[in-house]
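We name chains A, B, ... by the order of the sequence lines, and we start the count at 1 in each one.
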Amino acid sequence: MKKEIWAIGGGKGGTGKSVLSALFATHAAGKKRKVILVDGDLGGANLHTFFNVSPDQSSLNEFFEKKTDLKDTLIDTGVSGLKLISGDMRSFNPLSVKYIQRLKFYRHLKQLNADIIIIDLGAGTGLNTLDSFLLADKMILVSTPEITSIENLYLFVKKVIVRKIKDMLSYEGFRDIDKTILKSVLSNQETIKFSDFIELLKGMGKEQEKIVTDGLGEIQINLVMNQIREKEFSKYGISLKNILKRHYNINALFSGCLDYNDKIRELVNGSADINSVFQIDEIRPSIDFISGNISKGSDVNFNEL
Amino acid sequence: MKKRKKKEYLSILELGEKASRDDIENAYSHFVKLYSSEYSPEIHPLKEEIPKEERKKILSDIDKAYKALVGEDGVNRIDFSAEFEPQEIILDEGEGAAIEHVKIEPSKEVQEESEPVVEFEFTDETIQKIPVDESIDDINEKNELIVEIPESEKEYNEIPDEIEHQVIEMDEDIPDEDEEMEGSIEEEPEISEPQVIEFEEDLPDENVDMDGSIEEGPEIIVQEEVVVDKDPVDADVEITGKYLKKIRESRKLKVRDIGEILNIEYKSIVHIENEKFEKLNDPGFLRWLIKSYSKFLGLNEEKSAGDYMRRYRSKK
């Protein structure tokens with residue numbers, strides 16, 4: 001079975017990235033795959049609360065201090081076939097992971113014995129988050145139907161695109177992108193439209209145009225709508241997919257929706273365990289459907305909502 | 001309609017080749033609603049990105065696609081064997097035998113319909129009737145756009161200020177050194193190929209003057225008391241990057257140590273010492289950094305910052 005890395009991001013806290021990461025992981029483990037679930041933040045931990053993991057077990061610090069192998073940091077979750085790599089839980093001095101360390105972490109992560117590695121990127125759009133997102137085989141974004149969540153999704157996508165293009169241009173030797181333009185594109189007060197910015201980059205030259213176009217073509221986002229309370233809001237997934245394709249020129253797939261469920265609130269609060277939540281009639285088939293779509297690269301349409 | 005054209009029309013409606021008549025109807029009304037309303041949660045954040053003219057154009061594309069796929073009077077028996085302009089469809093129920101049914105499966109209810117579900121054409125007039133905010137052309141003396149916002153929609157417009165705060169990263173207290181250093185999103189590690197690196201390969205060598213190998217993790221010495229021998233320092237010497245390096249070396253400290261102690265990336269220290277100003281783009285932060293670094297080395301912070309920033313400004 002081909003090893004795959006799934007990265008789950010979305011820019012805003014509270015959309016459900018951690019919950020979905022944990023549910024996808026539990027689902028895959030149920031299908032007898034070897035799963036590693038990772039607290040992508042590395043500097044902070046939150047996945048352990050879903051699995052009743054003892055806080056003494058975190059040892060990512062030791063890995064970065066070169067005292068242990070990465071495989072020794074794997075924590076049992078109580079779900080068979082599912083291991084957890086948790087962030088730093090103990091220290092008052094938060095683990096600040098540098099770029100080179102992160103590359104090393106991913107190198108070792110990919111060598112672990114697993115079929116699927118699911119990374120919960122956590123909130124935020126820092127460079128570490130963007131790079132981790134771009135390194136994954138499947139890039140998954142979670143949004144709720146609220147305008148704040150959607151706005152953050154667009155911002156996250158913009159930052160991902162800019163990061164990717166800049167890296168590719170930089171790699172080919174093109175470094176003279178006007179920083180003012182970059183900054184204005186990424187703030188809320190835009191003095192230049194994002195699409196115009198992309199045109200500007202392309203206009204720098206024939207080579208640059210090819211790099212930008214290739215870069216955009218390589219980005220494929222799988223969208224998940226979460227915390228859906230009314231059926232009509234599930235269609236936002238189709239709108240968002242359309243907008244990402246038409247206005248940001250990236251490939252986007254709508255993978256499905258997860259309805260709002262009180263039990264999930266309990267999971268987040270630590271008063272329900274992942275297995276019982278996963279067995280709930282409304283939740284399990286949705287997770288199965290969404291996971292399947294992500295795996296197959298399928299797109300959900302109106303008749304499937 | 002040629003197959004390629006049909007695929008194009010279907011993709012405007014985000015539909016695949018197997019789309020049914022119902023799918024087309026649903027998609028059409030969904031996208032008309034989406035692009036007509038500036039206040040939908042999906043569109044509102046992109047108000048400037050997708051201005052009114054563009055939305056008009058998109059709506060007309062959607063309409064054209066819909067008509068081409070479904071027909072003027074809503075009966076989806078279209079002659080796919082010849083190319084035609086959507087407006088010229090002449091549908092006659094009696095020609096069933098000559099017409100190919102390709103992929104669009106009409107549902108039973110549809111075949112009884114003789115009218116399309118949505119009847120209007122997208123002329124300029126029609127678009128006026130769709131609630132599009134027209135007061136967007138009002139400009140006040142300060143050259144600011146005034147937008148008349150209906151009461152019910154006001155909450156959306158209040159949100160943008162909050163969003164600016166919400167967009168702040170949750171992990172902001174863990175400084176991302178590269179971002180802080182340059183004050184912009186641009187981060188340029190010397191190893192500039194994050195997407196290209198295969199995890200099994202070794203990392204390329206850095207071309208930066210540094211002590212120690214790339215593969216090592218940080219030497220975490222934050223817990224220890226770092227005792228620095230404070231040699232007397234000449235008060236009249238101009239503090240340059242070179243001078244900072246000299247003092248550092250005299251204290252037997254490596255660049256990586258300074259990075260750990262000051263909690264910044266060691267590369268910044270290298271740039272400071274080599275006076276690579278083009279890599280140091282945030283003067284405010286740089287000044288703070290010079291002060292911290294020089295203070296740690298036992299030098300006068302104010303003098304150091306003053307000297308160094310003078311050199312920085314003259315070269316930039």
Handout entry: Validation row: Glu48(B), Phe194(A) side chains within 4.5 angstrom (heavy atoms)
Key = no
Practice task
To the nearest 0.5 Å, tell me how far Phe302(A) CZ sits from Ser29(B) OG.
Solution key: 7.5 Å
Problem - Side-chain heavy atoms of Pro41(B) within contact of Glu146(A), under 4.5 Å - result: no
Practice task
Please examine the side chains of Ile58(B) and His247(A), heavy atoms only from C-beta on, and report whether any two atoms are closer than 4.5 Å.
Solution key: yes
Problem - From Asn301(A) atom CG to Lys18(B) atom NZ, the distance as rounded to the nearest 0.5 Å - result: 12.5 Å
Practice task
Report the distance from atom CD of Glu14(B) to atom CG of Asn242(A), rounding to the nearest 0.5 Å.
Solution key: 4.5 Å
Problem - Interatomic spacing from CD1 in Ile243(A) to CG in Leu34(B) - rounded to 0.5 Å - result: 5.0 Å
Problem - From CA spacing to verdict: salt bridge (charged side-chain N to carboxylate O under 4.0 Å, His left out), Lys193(A), Glu54(B) - result: CA-CA 13 Å; Lys193(A) 279 169 61 176; Glu54(B) 202 172 326; 3.6 Å; yes
Practice task
Below 4.5 Å from any heavy atom of chain B, which atoms of Asn303(A) appear? Answer side chain, backbone, both or neither.
Solution key: both
Problem - chain A contact via Ile50(B) - side chain, backbone, both or neither, heavy atoms under 4.5 Å - result: side chain
Practice task
Measure the spacing between CD1 of Ile147(A) and OH of Tyr39(B) and express it to the nearest 0.5 Å.
Solution key: 11.0 Å
Practice task
Using a 4.5 Å cut-off on heavy atoms from C-beta on, say whether the side chain of His44(B) contacts that of Glu151(A).
Solution key: no
Exercise for the section: Please round to the nearest 0.5 Å and tell me the distance separating atom NZ of Lys235(A) and atom NE2 of His30(B). Expected result: 7.5 Å
Problem - Largest heavy-atom contact set with chain B, pairs under 4.5 Å, which of Pro145(A), Ser195(A), Ser143(A) - result: Ser195(A)
Fill in the blank from the handout: The interface call for Tyr248(A) against chain B, heavy-atom contacts under 4.5 Å, is side chain
